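Here the structure is laid out as structure tokens; the discussion comes afterwards.
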Amino acid sequence: MMANSLWQDYCFLTREMAAFIARQELDMFYELQNQRLQLQGMIDEAADYAYLQTQQGQQMIREVQAADLQIATHLRGKMNRLSQQRQVRQAYNAAYAAPQRGRTDFSG
């Protein structure tokens, strides 16, 4: 029964992580991620995976996979936006960082 409770907590944390990443509340997302990692260690120590073979366990696995997919989708989107912002910043820096000789240099 302990494994059942651990897996339910794991599922809950995963759903909550998906909700917080969707709202871009990254501090809470990372806190929940750390809690889930600790819980994963406890699950590994218990080494009781019988619950996952039950119908309820299989449903929970599908929920976790769906939430993990949502998390991955949001993280990829965030990474893409950050990459685009970096590219724009580099383009502006390249365009405006060079000396503007000719316009302000009247030395001849």
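Computed from a predicted structure; not experimentally measured.
- Considering only residues two or more places apart in sequence or on other chains, Q40 meets the side-chain hydrogen bond (donor to acceptor under 3.5 Å, both in side chains) condition with none of them.
- Taking CG of L13 as the reference point, atom CD of Q38 lies at 10.0 Å (rounded to 0.5 Å).
- Residues passing the side-chain hydrogen bond (donor to acceptor under 3.5 Å, both in side chains) test with Q56: none are found, sequence neighbours excluded.
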(request) Show your reasoning for whether side-chain contact (heavy atoms from CB on, under 4.5 Å) applies to W7 and V64. (result) CA-CA 10 Å; W7 283 110; V64 168; over 6 Å; no
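- Note on residues 49-61: no pairs pass salt bridge (charged side-chain N to carboxylate O under 4.0 Å, His left out), not counting sequence neighbours.
- Side-chain contact between D9 and M42 is absent, with no heavy atoms from C-beta onward closer than 4.5 Å.
- No more than 12 heavy-atom neighbours from other residues, nucleotides or ligands sit within 6.0 angstrom of CZ on F12.
- Rounded to the nearest 0.5 angstrom, I71 CD1 and T73 OG1 are separated by 10.0 Å.
- One finds the CG atom of N4 at 7.5 Å from the OG1 atom of T54 (value rounded to the nearest 0.5 Å).
- Separating the CG atom in L39 from the CG atom in N34 is a distance of 12.5 Å, to the nearest 0.5 Å.
- T14 contributes a side-chain N or O that, together with a main-chain N or O of Y10, makes up a donor-acceptor pair within less than 3.5 Å.
- For residues 67-95, the set of pairs meeting the salt bridge (charged side-chain N to carboxylate O under 4.0 Å, His left out) definition, not counting sequence neighbours, comprises R36-D68.
- The side-chain hydrogen bond (donor to acceptor under 3.5 Å, both in side chains) check on Q65 picks up nothing, with sequence neighbours excluded.
- In this structure, CG on D44 lies 4.0 Å from OH on Y49, to the nearest 0.5 angstrom.
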(request) Apply side-chain contact (heavy atoms from CB on, under 4.5 Å) to the pair Q58 and I61, showing each step before the final yes or no. (result) CA-CA 5 Å; Q58 291 294 309; I61 288 172; 3.9 Å; yes
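- Clustering ILVMFWY residues whenever any of their side-chain heavy atoms sit less than 4.5 angstrom apart, transitively, puts M28 in the very cluster that holds M17.
- Annotation: the span from C11 atom SG to M60 atom CE amounts to 6.0 Å, rounded to 0.5 Å.
- Remark: E25 engages R23 in a side-chain hydrogen bond (donor to acceptor under 3.5 Å, both in side chains) (not counting sequence neighbours).
- Inspection of the E31 and Q35 side chains reveals an N or O donor paired with an N or O acceptor under 3.5 Å.
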(request) Check the pair Q8, Y51 against side-chain contact (heavy atoms from CB on, under 4.5 Å), reporting the backbone distance first and the verdict last. (result) CA-CA 10 Å; Q8 291 297 328; Y51 172 69; 2.3 Å; yes
